[in-house]
Amino acid sequence: MKIMLLGASGMLGSDCMAVFSQSHEVVAPSKKELNIIKWDLVIEKLQSVSPDVVVNCAAFTDVDACEDKDKMIYKINVEGPRNLAQGCARFHCKFVHISSDYVFDGRKAIPQPYFEDDPPKPISLYGKQKMESEVAVRDNSPNYIIVRTAWLYGVNGKNFMTSILNNALGNKKEPLKVAEDQYGSPTWTYRLAQQLLKLIEEDARGTYHATAEGYCTRFEWAKFVIEKLGLDTEVIPCSMKEFPQRAKRPANCLLENRNLKEQGLNIMRPWKEDLAAFLDQYGVQLVEQAEKS
Ligand SMILES: NC(=O)c1ccc[n+]([C@@H]2O[C@H](COP(=O)([O-])OP(=O)(O)OC[C@H]3O[C@@H](n4cnc5c(N)ncnc54)[C@H](OP(=O)(O)O)[C@@H]3O)[C@@H](O)[C@H]2O)c1
């Protein structure tokens, strides 16, 4: 299969590149080569590459900066996916688009998860843009897969875990305060990339949730990382309210992989199992990077 991958320099995109290219031809134009907000370029690229599948990991992912109401950010997060969906429809290829738990308001009581058919109700502009991107994909592409995911970590990118390590190793004597009232499922981008490939190879269609199995709080996630890496940083639970951010975040980020399970396609693993494997593989590298930061 020939796969065209957008956002290959990003956290999820780089692992998609690693996973897809083991068994398929992957063409991955950089942002410079193909800015997804440019309709003409999208069409030209689709014509010259002629892919079977387009996978869109490109997005503007700074959730707080999205509150700026910047037109360019809106274009990247909504008009880009629309261009790609319309282009894929024109060239009869499958379109795979990544969305987010932030399309929901997170007000369901823990431990109730969100299902694929729950009505979106975003509480941030980023969440609203991701919701609009989903609508643009469904309206424009007859053969699409939308995958909502959450709480991503990977070796190539800034994420919650890298900021925990930067704080822990930057202020060794200061305890780390981490929210114990926000729930989610830490999800390894490498595993998600394998899940995306499974969906593509099985010619799945529609909307799917894909996060690691099980859940925890941000506090439990941080504690697991600090303990597994043998760091002597104290981790103290606090409330999300102690660290106000510009964009509101959902307190309940639990997504149930119901459609994957019902169709026998779920390969997502328990969050602790994947996180332990990730830290075994990359822990030393992450600690060294954090010490230099
Ligand atoms: N991170 C999370 O926890 C999380 C959770 C739920 C859902 N998601 C979704 O998962 C997807 C991947 O997220 P990520 O964290 O891997 O993102 P990321 O690391 O921020 O990477 C974003 C990628 O998009 C590219 N890009 C940005 N603007 C572009 C444009 N106009 N044209 C072409 N490419 C452009 C970037 O290229 P440059 O490097 O050249 O700028 C980069 O390769 C996104 O759709 C995000 O909304 C993420």
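Small disclaimer: the values here were computed from a predicted structure and weren't measured. Atoms within each ligand, like the ligands themselves, are counted from 1 in listed order. Here, residue 1 is the first one in the sequence, and each next residue gets the next number.
When each of V147, L152, T149 is tested with T211 by the rule side chain to side chain contact (heavy atoms under 4.5 Å, CB included), just one qualifies, namely T149.
Listed by chain and number, G7, S9, G10, M11, L12, K31, L34, N35, I36, C57, A58, A59, T61, I76, I98, S99, S100, Y126, K130, T149, A150, W151, L152 each place a non-hydrogen atom less than 4.0 angstrom from ligand 1.
Geometrically, R218 engages W151 in a cation-pi contact defined by less than 6.0 Å to the ring centre and at most 45° from the axis.
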Checklist entry - Under the side-chain contact (heavy atoms from CB on, under 4.5 Å) criterion, do C93 and V53 qualify, and how do the steps go? => result CA-CA 5 Å; C93 50; V53 185; over 6 Å; no
Next on the checklist: I'd like to know whether D117 forms a salt bridge (charged side-chain N to carboxylate O under 4.0 Å, His left out) with R258, so could you lay out the CA-CA distance, the side-chain angles of the two residues, the decisive distance to 0.1 Å, and finally the verdict.
Outcome noted: CA-CA 10 Å; D117 56 358; R258 183 165 65 182; 3.0 Å; yes
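Checked against a 6.0 Å centroid threshold, the rings of W271 and Y215 do not count as neighbours.
The structure places CD1 of I164 at 14.5 Å from OH of Y153, a figure rounded to the nearest 0.5 Å.
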